[in-house]
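The basis for the numbers below is simple: all heavy atoms, side chains too, and nothing from hydrogens, waters or symmetry mates. Order of the sequence lines fixes the chain letters, A, B, ..., with proteins taken first and strands second; residue numbering starts at 1 for each chain.
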Protein chains: 2
Amino acid sequence: MLEAKVTSQDVARLAGVSQSAVSRVFTPGASASKATIAKVRAAAEQLGYRPNPLARAMITGKSRIIGLVVAYLDNQFYPAALERLSNALQDKGYHILVFTAANSQDGIERVINDLMDYQVDGIITASVAMSSDLTARCAGAGIPVVLFNRGQPGAGLSSVTSANVEGGRKVARFLVGAGHSQIAHIAGWQGALTGRDRQRGFVEGLADLGVEACGLIDGMYDRDTAAAAARVLLDGAAPPTAIFVGNDHMAFAVIDQARAMGRVVGRDVAIVGYDDVPLAAWGAYDLTTVRQPLNRMVEATVETLLAQIADPARASQQIEIDGPLVVRTSARGEI
Amino acid sequence: MLEAKVTSQDVARLAGVSQSAVSRVFTPGASASKATIAKVRAAAEQLGYRPNPLARAMITGKSRIIGLVVAYLDNQFYPAALERLSNALQDKGYHILVFTAANSQDGIERVINDLMDYQVDGIITASVAMSSDLTARCAGAGIPVVLFNRGQPGAGLSSVTSANVEGGRKVARFLVGAGHSQIAHIAGWQGALTGRDRQRGFVEGLADLGVEACGLIDGMYDRDTAAAAARVLLDGAAPPTAIFVGNDHMAFAVIDQARAMGRVVGRDVAIVGYDDVPLAAWGAYDLTTVRQPLNRMVEATVETLLAQIADPARASQQIEIDGPLVVRTSARGEI
DNA sequence: CTCCAAATTGCATACGTTTGCAAAAGTTGT
DNA sequence: ACAACTTTTGCAAACGTATGCAATTTGGAG
């Protein structure tokens, strides 16, 4: 019972018009009389016709597909972003080709090549770094790129992030204000601007208040690495009374580690994260953290991307969105 | 600096052969002499030629795109599955079009229509139900469908799940064996076979041992609903000493709720989940749960789907994969 | 060297659409 | 009713590839 695929020719025949007429009825900008529109719509309905996007893409060069490149989905922040990005773009009539890529130059390169083959209209990358070579290739092919939650210094690409420097500052002021003086930082990966910015804001914020971090380790955005860092810090001669962790995902590991060492989080040691993923609000962690306003970040990403697709000449822009510090019990306002 | 797109014509001209020859070099099954292959490859390399998958799809009818439909990504099980499915299919030369769809008939219908427009070679659905109408449409269009982690009684679709009935039984035997007699169940959504099977296995397993569940509430796969159910159970006159929850995602909410009521999980009340998502192993929950062997489920899904694509006449199959009960501290082997 | 089968190649067409162009049909003003 | 427009319509040529068919080349075997 294979239903043969119905083409615009079939509809044209049934409606008694030319194939071009059918095409024009289904092409937003084109001109067609009320009468033809009615006839064509009726015939199309009867036959169950739907325009073939592939054929359309081939001729227009626009596929209405957005490539979304993501490295890993362990960190709850990214699935949440993926879900919202997908919904937002679907509402705008775009479809999403998702690629999970190992976060290596080789992996990214192959993925981007595939994306370009499919004539995607735009690319969003999350938790991934692009080489300048690749950046140039996309620009050369006229494909807009927006980096989500990750800046790229000097690449001339659009990006949407939260105000990471300011966020780091907020944590510094909060912890010092709460009376802490032994404060450590388990940073995000130094290879990513996001992590560096948070660290910089944090360190500068401490300095402004005359405090120096008593420990500073790179957690590589990885649970195990972060937990190991926490063990080192808490095992030290003068263990910190507060730890700022580069993102929530690592902060959960740090909390698990601290508890495994017998500490009561929020009393013996204060722990602050960054992202405010849903899990941060769950009872088991109740994590004090800087919120990344996901909805607004997604809106800004979609808006920027579509604007660049509509006008390729448009200059790229780096958008930063401010988010509040959300205080929960893992780090209270006072010791 | 727009680099013009290079076509098989250009390569043919440079290599001094016909366009067909170029096509044949890049088409796996076709025949070409060593000499032409070399010339064409060289020319293609020099020009940076890559075959256009859209044009190829239009003529062959095969897009090498797999549609993946997913309803929500809150439950950590699904992002993990998405990531692995994506990688596995990419390795096989397929690309993934991901759709997040509200889990309503209307939402699913629109998404599947879109998928069929893009001439996807196959569809995988996760955490989503398909109407029999839609099922028939896909079959009519000759598009194989595999349901991931969800069976559909009588739909004649392929599906890959864990051995849910047996899994429920395992939990029953474990809890009774540990000495519990006041045992409740917060089930998954009754509208999904997965949830019903786990419940059935559990209830039957208890019955076999002469025990009857002291409470049975539908948690709708939702945190809030599950937490409310837990509150009702634990507030009752004769609260259960053990609760089997339909999946890990809800179990975490149940644990949070129990703790908020002052209970020590694993001592005052035993809690068992289902899935063994990564979070289940984290210190904050340390959840006893039935493992769904994700890797093997993904393998089976990809294998089944590709087999059906290769041979559309192939009968659909329902695959069940057995998984062990993983004992952690949220429910110990003895009271 | 000859002949035959097998392998390779080019030609031309098809896939399902969009779009420039020119012809046809409406619309308006006088 | 006629001219001067504007809108609608059909024709035909793309877009970049795969593939059946017939012609050509190749490789051996005798």
Side-chain angles (χ1 to χ4, degrees), chain A residues 2-41 43-44 47-65 114 116-121 141-142, chain B residues 2-41 43-44 47-65 93 116-121 141-142:
Chain A
L2 275 181
E3 54 184 56
K5 58 192 100 179
V6 32
T7 78
S8 56
Q9 281 288 5
D10 304 327
V11 177
R13 199 157 17 228
L14 177 61
V17 297
S18 76
Q19 180 269 330
S20 334
V22 177
S23 168
R24 280 188 252 263
V25 169
F26 285 94
T27 305
S31 86
S33 70
K34 286 288 173 199
T36 13
I37 291 184
K39 280 191 296 185
V40 168
R41 285 235 180 279
L47 297 176
Y49 168 76
R50 317 192 84 223
N52 182 329
L54 268 53
R56 177 177 281 177
M58 198 169 51
I59 191 117
T60 63
K62 258 68 192 71
S63 61
R64 296 194 77 82
I65 293 182
D114 283 351
M116 292 179 51
D117 287 348
Y118 273 93
Q119 301 185 11
V120 293
D121 294 347
Chain B
L2 275 180
E3 53 185 58
K5 54 191 105 178
V6 32
T7 77
S8 57
Q9 283 287 3
D10 304 327
V11 177
R13 198 155 20 226
L14 178 59
V17 297
S18 75
Q19 179 268 330
S20 334
V22 177
S23 168
R24 280 188 252 262
V25 169
F26 285 93
T27 306
S31 85
S33 69
K34 286 288 173 198
T36 18
I37 292 184
K39 279 191 296 185
V40 168
R41 285 234 180 281
L47 296 176
Y49 168 77
R50 317 193 83 222
N52 182 329
L54 268 55
R56 178 176 282 179
M58 197 168 53
I59 190 119
T60 61
K62 259 68 190 67
S63 61
R64 296 196 76 82
I65 293 182
M116 292 178 53
D117 287 348
Y118 273 93
Q119 302 185 9
V120 293
D121 294 347

d(CZ, B/F26; C1', D/dG16) in whole Å:
14 Å

Mind checking A/S33 for me? I need base, sugar-phosphate or nothing, with any heavy atom below 4.0 Å counting as a touch.
sugar-phosphate

Sugar-phosphate only, base, or nothing, as touched by B/T60 at under 4.0 Å among non-hydrogen atoms:
sugar-phosphate

DNA chain D nearest-nucleotide lookup for A/I37 and B/N52: closer to the 5′ end is A/I37

Check the phosphate of D/dT9 against A/T36, side-chain N and O only, distance under 4.0 Å to OP1 or OP2. Yes or no?
yes

For side-chain contact (heavy atoms from CB on, under 4.5 Å), just list the numbers for B/Q119 and A/N52, CA-CA rounded to whole Å, side-chain angles, deciding distance to a tenth of an Å, and then say yes or no.
CA-CA 8 Å; B/Q119 302 185 9; A/N52 182 329; 2.7 Å; yes

B/V25 and B/A32: which non-hydrogen atoms are nearest, and at how many Å?
CG2-CB, 4.3 Å

Is the shortest side-chain heavy-atom distance between B/R64 and B/P53 below 4.5 Å?
no

Examine A/R41 relative to A/Y49 and say whether NZ or CZ is less than 6.0 Å from the centre of the six-membered ring and inside a 45° cone about the ring axis.
no

Which heavy-atom pair separates B/M116 from B/A141 by the least distance, and what is that distance?
CE-CB, 3.5 Å

Reckon B/T7 touches a base, only the sugar-phosphate, or nothing at all at heavy-atom distances under 4.0 Å?
sugar-phosphate

On a heavy-atom basis, which atom in A/V22 and which in A/V17 lie closest, and how many Å separate them?
CG2-CG2, 4.1 Å

Starting from P on D/dA18, measure out to CG on A/L54 and report it in whole angstrom.
14 Å

Rounded to whole Å, how long is the line connecting atom CZ of B/R56 with atom P of D/dT17?
8 Å

Which residue lies toward the 5' end of DNA chain C, A/S8 or B/R24, if each is placed at its nearest nucleotide?
B/R24

B/G48 and B/V6: which non-hydrogen atoms are nearest, and at how many Å?
O-CG1, 3.7 Å

If the helix axis at each end comes from five base pairs, how far does the helix from C/dC1-D/dG30 to C/dT30-D/dA1 deviate from straight, to 10°?
20°

Atom-pair distance (CE on B/M58; C1' on D/dT19), nearest Å
14 Å

Atom-to-atom span, NZ of A/K62 to P of D/dC15 - whole angstrom:
17 Å

Which part of the nucleic acid, if any, lies within reach of B/P51 when heavy atoms closer than 4.0 Å are counted: base, sugar-phosphate only, or nothing?
sugar-phosphate

Please state how far atom CD1 in A/I59 lies from atom P in D/dA14, giving the value in whole angstrom units.
10 Å

List in numerical order all residues of residues 14-21 of chain B for which some heavy atom is under 4.0 Å away from an atom belonging to DNA chain D.
B/Q19, B/S20

For the student: nearest non-hydrogen atoms of A/A15 and A/A43, plus distance
CB-CB, 3.8 Å

Contacted region of DNA chain C by chain B, from 5' end to 3' end of the hits, cut-off under 4.0 Å to heavy atoms, spans C/dT8 to C/dG16

Is any side-chain nitrogen or oxygen of B/Y49 closer than 4.0 Å to OP1 or OP2 of D/dT17?
yes

Just do the side-chain contact (heavy atoms from CB on, under 4.5 Å) check on A/R13 and A/T7 with the steps written out, would you?
CA-CA 10 Å; A/R13 199 157 17 228; A/T7 78; 5.8 Å; no

Reckon B/S31 touches a base, only the sugar-phosphate, or nothing at all at heavy-atom distances under 4.0 Å?
base

Any idea which heavy atoms bring A/F26 and A/A44 closest together, and the distance?
CZ-CB, 3.8 Å

Quick check for you: to the nearest 0.5 Å, what is the distance between B/L47 atom CG and B/S8 atom OG?
11.5 Å

Measuring from B/R24:CZ to B/S18:OG, what's the distance to the nearest 0.5 Å?
6.5 Å

